[in-house]
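First comes the structure, then the notes that go with it.
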Amino acid sequence: MPNSPADRPRRISIDRKGPLLVEGPVEVELEDGSTVSSDRFRVALCTCRRSRRYPWCDTSHRDRS
């Protein structure tokens, strides 16, 4: 089935003042080599490193904008 979700490229939305929005499910490899995953249809990845749930964005960046 060539048009299945697995055959399509992942869409990543970039917002200069916010997280990266990635169409899921996703698996993220962290700097230490460990991995975290989410099966949600869209995830927000933290780019400012202020999140208490890093690598997932919890909107902590809004506190210090």
Side-chain angles (χ1 to χ4, degrees):
M1 188 183 300
N3 291 326
S4 71
D7 292 336
R8 293 183 296 140
R10 295 282 181 220
R11 180 178 303 266
I12 300 173
S13 301
I14 300 172
D15 181 350
R16 190 166 34 120
K17 294 185 178 183
L20 292 175
L21 299 177
V22 182
E23 289 184 2
V26 298
E27 183 176 275
V28 178
E29 183 175 337
L30 302 175
E31 292 172 311
D32 66 1
S34 64
T35 59
V36 293
S37 59
S38 174
D39 59 358
R40 297 185 63 164
F41 70 94
R42 183 177 297 142
V43 296
L45 295 175
C46 178
T47 58
C48 69
R49 294 188 163 263
R50 294 180 186 147
S51 176
R52 290 180 281 291
R53 298 184 61 228
Y54 187 83
W56 316 121
C57 178
D58 66 2
T59 68
S60 292
H61 61 272
R62 293 181 186 165
D63 295 340
R64 299 183 207 158
S65 294

- Message: Hydrophobic cluster membership, with links at side-chain heavy-atom distances under 4.5 Å among I/L/V/M/F/W/Y: are V36 and F41 in one?
- Response: no
- Task: Over all heavy atoms of both residues, which pair between T35 and E27 is shortest? Give the atoms and the distance, please.
- Result: CB-CG, 4.1 Å
- Is there side-chain contact between R49 and S60, with at least one heavy-atom pair below 4.5 Å? no
- Message: Please find the pair of heavy atoms, one from W56 and one from S51, that lie closest to each other, and give the distance.
- Response: O-OG, 2.5 Å
- Can you find a heavy atom in the side chain of I14 that is under 4.5 Å from one in the side chain of L20? yes
- Item | Minimal non-hydrogen separation, A44 against L21, with atom names | CB-CD2, 3.7 Å
- Task: Give me the one residue out of R42, R40, R11 that meets salt bridge (Lys or Arg N to Asp or Glu O under 4.0 Å) with E23.
- Result: R11
- Item | Results of salt bridge (Lys or Arg N to Asp or Glu O under 4.0 Å) for R16 - residues two or more places apart only | none
- Rounded to the nearest 0.5 Å, the CD atom of E29 sits from the OG atom of S34 at a distance of 8.0 Å
- Message: Between T47 and G18 (side chain of the first, backbone of the second, donor and acceptor by atom type, cut-off under 3.5 Å), is there such a pair?
- Response: yes
- Give, for atom OG1 of T59 and atom CZ of R53, the distance between the pair rounded to the nearest 0.5 Å. 10.5 Å
